[in-house]
Amino acid sequence: MLPGSVIRFPVRISGDERGTSDMAADYTNLEQIRLEKIEELRAEGIEPYPHRVERTHTSVEAIQAFEAVEGDEQAAVVQATLAGRLRSMRPMGKIIFAHIEDGDGRIQLFFRANDIGEERISLFNRAFDLGDYIQASGKMFRTRAGEASLWVESFRMLAKAVTPLPAAKDEVVDGEVIQHATLADPETRYRQRYADLAVNAEVRKIFRKRAAIVRALHQFMNDHSFLEVETPILQPIYGGAAAQPFVTHHNQLKQDLYLRISFELYLKRLLVGGFERVYEIGRDFRNEGVSFKHNPEFTQLEFYWAYADYNQVMDLTEQMLAFVADQVIGQRSFTYQGHEINLNPPWERVELRQRLAEVTGIDIHEHATAQSLAAAMKAKEMEVKPGATRGKLIDALIGNHLEPNLIQPTFLYNYPRDISPLAKSMPGDPQVVERFEGFLGGMEICNAFTELNDPLDQEARFLEMGRDYADDDEERHPMDEDYLRALRYGMPPNGGFGMGIDRLTMLFTDQRSIREVILFPHLRSRE
RNA sequence: GGCCCCGUAGCUCAACUGGCAGAGCAGUUGACUCUUAAUCAAUUGGUUACAGGUUCGAGUCCUGUCGGGGUCACCA
């Protein structure tokens, strides 16, 4: 908070004032009761939000330490101070069983009036609620029911929760927490992700796995001598992909800027500068519709590899995903939406033209123009968007007829030139470029090509885009003069690669919606 | 943006063709010294997303708005 800035304190509303102020929180009955408990604690000289914690063990550490010496008469008892959030309470008169949850897991606490006095038992029952953070000290032991637990000698409040967690009850069976009537409404789960995470352990698992995936990718790239770099998110000219950008504005410079739609053009400038292998993992922003596989901001890995071509990039892609699988799930195969997917190299490699002919009966080689291809598609009763370029028609064929059925790892290669303005043409066939896309689980997850490093050809491609795309087509690539200047200094032959990390995470976590693998997915604002 | 579905207690869900808005869990009160979805008894809690309309009567039917989900378009 900056000095001098205005801080607005929420005001507690009661009685007739309820609902008349737009500034204060509106407390529910349940919250009112807990606010009263806070006052009660303070009245008894207990601070409900103390500064310091004296944790000695996490839940898992305490149980492990206990089990290591359990049954050994000579060994010292395990004394532990634990901290965590109250997740269950089972008071039985003058004893209480409760579970707290910490970052590692759950552990049971056992309170007995004989040890801590009826006063403390009563305080716990009166003023402590599910969701509160507490600290408890005592000795580890095993209950008659067989659960390693903490026999509490003292406890204190660490942070009182005002709002109850949106969960009813949990059951632990064989170490797995089974949720009974927990927070399920997707809207609330995404808008209040903190509550979702607090209550749904399997959601936390998804994001741990996501972190493991990103970690594995960093490790793989670093191990293969790729230099991690950071390039601008705010760009005066956007490029590197066919997408609409977000526009923002720099006040002092009086300049409009775009949020990047890809890293490509900046990373390739670095190859001009002499780095041979560079990569970046970061956020792209695309001003487009949202869907189960599109979020306005998403995470990508891009790398550029000097002296390699798209065939070598295909090989590296196979190794990379096998490595990620090994690191993250310890095996090469996993289930995605009921399909068994195996990431063992090699992937199926099939030429785009051949697979399109097999599936649709249309040989794109026989249709050199958009008109001809559109006619062939119409003859098969396929929908054809008026004004689409040949490349866009082919793209539609891929999306509608190939992609959904590409469940097992598959590379489609050799793409039409006009939707690949940054890829190098095939020797002897200028209408086809050395480009491939990788598919998994019916989704495209990566895109790569032998990068175009001929500055004159690149300039021609930019001009082609300008000619073939209508002035108001927002996907039209703007001419990037500075990028062309960079290419004129000479860029080594190289293979480039881009992969969506969100979609990869969907696959590894068996999630159908991208919102399940993004902590705070974009939602329309309320009102 | 088009079309379809949805929005009821803190959470999960009921409420037949329009007829007194309910349950489980959570909460509150009480009982209970090895429970673990603890149990038992009692009990609080609602502008049925919002704004209109039709009707003697609307959670239910109609119109609009807001939000979500799905799908198509767009798009990786």
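Throughout, a chain's letter reflects where its sequence line sits, starting with A, and its residues are numbered from 1.
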Considering only atom P, compute the distance from B/rG30 to B/rC61 and round it to an integer number of Å. 45 Å
Whenever both distances are under 3.5 Å in a Watson-Crick or G-U wobble pair, mark it; put RNA chain B into dot-bracket that way, with [ ] for crossing pairs and | when the partner is on another strand. (((((((..((((.....[..)))).(((((.......))))).....(((((..]....))))))))))))....
Write down the distance separating the C1' atoms in B/rA49 and B/rG7, rounded off to the nearest Å. 6 Å
Which sits closer to the 5' end of RNA chain B, A/Gly146 or A/Asp185, going by the nucleotide each is nearest to? A/Asp185
Taking the same atom, P, in B/rU54 and in B/rU12, what whole-Å distance lies between them? 35 Å
For the pair A/Asn295 (side chain) and A/His522 (backbone), establish whether a donor and an acceptor sit closer than 3.5 Å, ignoring hydrogens and angles. yes
Any donor-acceptor pair under 3.5 Å joining the side chain of A/Thr143 to the base of B/rU35? yes
Once you round it to whole Å, what is the distance between C1' of B/rA37 and CG of A/Leu130? 12 Å
Residue closer to the 5' end of RNA chain B, A/Trp151 versus A/Ser291 (nearest nucleotide): A/Trp151
Are A/Ser262 and A/Arg260 close enough that a side-chain donor and a side-chain acceptor fall under 3.5 Å? no
Candidates B/rC11, B/rC75, B/rU36 - which lies nearest the side chain of A/Pro166: B/rC11
A/Gln108 has a side chain; which of B/rG67, B/rU71, B/rU35 sits nearest to it? B/rU35
What are the two closest non-hydrogen atoms of A/Asn447 and A/Arg435, and how far apart are they? OD1-NE, 3.0 Å
Same-atom distance (P) from B/rU39 to B/rC20, integer angstrom: 33 Å
Return the value, rounded to whole Å, for the distance between atom CG of A/Leu183 and atom P of B/rC13. 10 Å
Report the nucleotide, chosen from B/rU36, B/rU71, B/rC34, that has the shortest atom-to-atom distance to any side-chain atom of A/Phe97. B/rC34
Nearest-angstrom distance from the residue atom CG of A/Leu86 to C1' of B/rA26: 14 Å
Spacing between A/Leu150 atom CG and B/rC34 atom P, to the nearest angstrom: 18 Å
P gap between B/rU35 and B/rU43, integer Å: 29 Å
Run through A/Tyr310, A/Trp347, A/Phe449 and flag the one making a ring pair (Phe, Tyr, Trp, His ring centres under 6.0 Å) with A/Phe411. A/Trp347
Quick one: CD on A/Glu119 to CZ on A/Arg126, what's the gap to the nearest 0.5 Å? 7.0 Å
N/O donor-acceptor pair under 3.5 Å between A/Arg461 side chain and A/Ser420 backbone: yes
CG of A/Leu165 versus C1' of B/rC25: gap in Å, rounded? 14 Å
Given the P atoms of B/rU63 and B/rU47, what is the spacing between them in whole Å? 26 Å
Answer with base, sugar-phosphate or nothing: what part of the nucleic acid does A/Arg286 contact at a heavy-atom distance below 4.0 Å? sugar-phosphate
Please confirm whether A/Arg193 makes a cation-pi placement over A/Phe520, using NZ or CZ under 6.0 Å from the six-membered ring centre and within 45° of the ring normal. no
Please state the C1' separation for the pair B/rG18 and B/rA58 - nearest whole angstrom. 6 Å
Does the side chain of A/Glu451 come under 3.5 Å of the side chain of A/Asn494 through a donor N or O and an acceptor N or O? no
Among A/Arg210, A/Arg283, A/Arg515, which residue meets the salt bridge (Lys or Arg N to Asp or Glu O under 4.0 Å) test with A/Asp502? A/Arg210
Between A/Lys293 (NZ) and B/rA73 (C1'), how many Å, whole number? 14 Å
I'd like to know whether the aromatic ring centres of A/Tyr258 and A/Tyr238 sit less than 6.0 Å apart in this structure. yes
Contacts under 3.5 Å, N or O only, protein and nucleotides 28-33 of chain B:
unit_1, atom_1, unit_2, atom_2, d
B/rU28, OP1, A/Lys37, NZ, 2.4
B/rC32, N3, A/Gly93, N, 3.0
B/rC32, N4, A/Gly93, N, 3.3
B/rU33, N3, A/Asn114, OD1, 2.9
B/rU33, O4, A/Asn114, OD1, 2.3

Within this structure, what is the CG-to-C1' distance between A/Asn295 and B/rC75, rounded to whole angstrom? 13 Å
When you measure from the side-chain N and O atoms of A/Lys392 to the phosphate of B/rC75, is any distance below 4.0 Å, counting only OP1 and OP2? yes
Between atom CZ in A/Arg191 and atom P in B/rG68, what is the gap in whole Å? 5 Å
So, is A/Arg503 near the phosphate of B/rC75, with a side-chain N or O under 4.0 Å from OP1 or OP2? no
Mind checking if A/Ile445 touches a base, just sugar-phosphate, or nothing, with heavy atoms under 4.0 Å? nothing
If I pick the P atom on B/rG45 and the same atom on B/rG22, what distance separates them, to the nearest angstrom? 12 Å
Which of the following nucleotides, B/rU71, B/rU35, B/rC11, is nearest to the side chain of A/Arg512? B/rU71
When you get a sec, tell me which of B/rA26, B/rU35, B/rG69 is the closest nucleotide to the side chain of A/Leu30? B/rA26
Checking contacts here: which listed nucleotide (B/rG69, B/rU71, B/rG10) is nearest the side-chain heavy atoms of A/Thr28? B/rG10
Can a cation-pi geometry be assigned to A/Arg120 and A/Phe111, taking NZ or CZ under 6.0 Å from the six-membered ring centre and within 45° of the ring axis? no
Ignoring backbone atoms, establish whether A/Arg90 has a side-chain N or O less than 4.0 Å from OP1 or OP2 of B/rU35. no
With heavy atoms under 4.0 Å as the rule, sort A/Ala184 into base, sugar-phosphate or nothing. sugar-phosphate
Should we count CD of A/Glu383 as having more than 12 external heavy atoms under 6.0 Å? no
